[in-house]
Amino acid sequence: MSTKPLILITGANQGLGFATATHLANTGRYHLLIAARSLEKAETAIQELQTNSSTVDSTALTPLVIDVTDDDSIRAAAQTVTDRFGSLDILINNAGISRPADPTLGLRDSFRAVFELNVFGVAVMTATFLPLLRASTYPDRRIVNVSSGLGQIGIALSPTSPYNVHAFALPIYRSSKTAVNMLTAVDAVTLAEEGILAVAVDPGYCRTNFNGNRGLKDPGVGSLAIVRAATEGNAKEMVGGFVDDDNSLEEFGW
């Protein structure tokens, strides 16, 4: 059992997930569940966190195997958390992809591959871990969904936005994040009375494997928005908008 608030981060072995874990581990205030698709990847991430900082508490880092496209994997992970900790305080749904790993897929299968991870994964993770969040007595329980401004229809249509459709078409990725925004909005309303607050995050265009390292900023910077959404400020004030990468709150818009 841990006396520190328990945070689960999916896709925590690389990119924004690992950068988020780094920031949170360095505070020394949280027990982190480092979730990855394999135990080896999760344990390697933990070793790297310890190597990067001599002050990281190794006893507050627990590897967890989760493939968010596999319901059995998600259920098994929830059972592991139940058996070891009994509850969960904060869930960060970070795992995502921008395009299918297989470039030969047809259009329908390409949509299916991205939605399986980005949308269905978020929905099933939240539903499966919700009983553990409900079991928590932590006063600031949160569900943080890592989304993107590219999922906003207003930005897609804007003639002046540098992230409009002319600059980045990406219909599959954009529509998946629009769906994540709606999942967040629904959870924000339906869970608020229980004191569980759902918040969306727009970390910005960061250099990660997610985009072939073509982003404009370091993931260590973009992940600060995820940290804020998960642990800082008044989550009630964040509901209905994005916690974004320049330390402000964007409206969801349409």
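In what follows, every heavy atom counts, from backbone to side chain, and hydrogens, waters and symmetry copies are set aside.
- Under the salt bridge (Lys or Arg N to Asp or Glu O under 4.0 Å) criterion, the residue pairs touching residues 38-61 are K4-D57, with sequence neighbours excluded.
- Annotation: side chain of L132 is not in contact with side chain of L6 (no heavy-atom distance under 4.5 Å).
- Side chains of Q152 and Y163 form no contact here, defined as non-hydrogen atoms less than 4.5 Å apart.
- A distance-only check finds no donor-acceptor pair linking the side chain of R228 to the backbone of G233 [under 3.5 Å].
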Residue pair F129, I74: steps toward the side chain to side chain contact (heavy atoms under 4.5 Å, CB included) verdict: CA-CA 9 Å; F129 280 87; I74 294 172; 4.1 Å; yes
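- Counted by atom type alone, S176 and N118 present one or more donor-acceptor pairs between their side chains at under 3.5 Å.
- F85 CZ to L33 CG: the interatomic distance, rounded to the nearest 0.5 Å, is 5.0 Å.
- Y138 has its side chain out of reach of S87: every pair of non-hydrogen atoms, C-beta onward, lies at least 4.5 Å apart.
- Under a 3.5 Å cut-off, the side chain of R174 and the backbone N or O of G151 do not form any donor-acceptor pair.
- Nearest heavy-atom pair, T184 versus A200, reported as atom, atom and distance to 0.1 Å: CG2-N, 3.7 Å.
- Under the 4.5 Å side-chain heavy-atom criterion for grouping Ile, Leu, Val, Met, Phe, Trp and Tyr, F111 is not connected to V165 through any hydrophobic cluster.
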R37/T69 under side chain to side chain contact (heavy atoms under 4.5 Å, CB included): CA gap, chis, key distance, verdict: CA-CA 10 Å; R37 287 191 174 191; T69 67; 4.1 Å; yes
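- Residues P63 and L39 approach most closely at CB-CD1, 3.9 Å, considering heavy atoms.
- Within the structure, salt bridge (Lys or Arg N to Asp or Glu O under 4.0 Å) contacts touching residues 125-139 (residues at least two apart or in different chains) are R134-E194.
- Between the side chain of T10 and the backbone N or O of N94, at least one donor-acceptor pair lies under 3.5 Å.
- Note that CD1 of I9 is 11.5 Å distant from CG of L64, once rounded to the nearest 0.5 Å.
- Contact detail for I97 and A113: the closest heavy-atom pair is CD1-O, 3.8 Å.
- Minimum heavy-atom separation, A230 to V144: CA-CG2, 3.6 Å.
- Each of L24 and L224 belongs to its own hydrophobic cluster when Ile, Leu, Val, Met, Phe, Trp and Tyr are linked at side-chain heavy-atom distances under 4.5 angstrom.
- Separating the CG atom in L130 from the CG atom in D187 is a distance of 8.0 Å, to the nearest 0.5 Å.
- To the nearest 0.5 Å, atoms CD (E116) and CZ (R112) are separated by 8.0 Å.
- Of the possible donor and acceptor atoms, none in the side chain of T126 sits under 3.5 Å from a partner among the backbone N and O of A123.
- M125 contributes atom CE, which lies 5.0 Å from atom CG of L91 (distance to the nearest 0.5 angstrom).
- Counting only heavy atoms from C-beta outward, the side chains of N145 and V199 never approach each other to under 4.5 Å.
- Side-chain atoms of S136 do not come within 3.5 Å of backbone N or O of D89 as any donor-acceptor pair.
- Atom CD in E232 sits 11.0 Å away from atom CG in D140 (nearest 0.5 Å).
- Between A21 and I34, the shortest heavy-atom contact is CB-CD1, 3.8 Å.
- Here the side chains of I92 and I7 are in contact, with some heavy-atom distance below 4.5 Å.
- Side-chain heavy atoms closer than 4.5 Å link hydrophobic residues (I, L, V, M, F, W, Y) into clusters, and following such links, possibly through other members, connects L8 to V124.
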Side chain to side chain contact (heavy atoms under 4.5 Å, CB included) between T44 and N13, intermediate numbers included: CA-CA 8 Å; T44 298; N13 60 300; over 6 Å; no
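- Cluster membership check: I172 does not share its hydrophobic cluster with L105, using side-chain heavy-atom separations under 4.5 Å among Ile, Leu, Val, Met, Phe, Trp and Tyr.
- Taking 4.5 Å as the limit, every side-chain heavy atom of I143 sits out of range of all side-chain heavy atoms of L197.
- Here the side chains of S223 and H23 are in contact, with some heavy-atom distance below 4.5 Å.
- Between the side chain of N164 and the backbone N or O of S158 there is at least one donor-acceptor pair closer than 3.5 Å.
- Linking Ile, Leu, Val, Met, Phe, Trp and Tyr whenever their side-chain heavy atoms come within less than 4.5 Å puts F120 and I66 in one cluster.
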Intermediate values then yes/no, side chain to side chain contact (heavy atoms under 4.5 Å, CB included), T62 and R84: CA-CA 10 Å; T62 299; R84 181 161 181 181; 3.5 Å; yes
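- Side-chain atoms of S161 do not come within 3.5 Å of backbone N or O of L157 as any donor-acceptor pair.
- At least one donor-acceptor pair closer than 3.5 Å links the side chain of R142 to the backbone N or O of A229.
- Under the 4.5 Å side-chain criterion, counting only non-hydrogen atoms from C-beta, V119 is in contact with L183.
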Verdict with reasoning, T55 to N26, per side chain to side chain donor-acceptor pair (under 3.5 Å): CA-CA 7 Å; T55 62; N26 285 339; 4.8 Å; no
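- Counting only N and O atoms by type, the side chains of N181 and S147 include a donor and acceptor under 3.5 Å apart.
- A12 and A45 get closest at one heavy-atom pair: O-CB, 4.2 Å.
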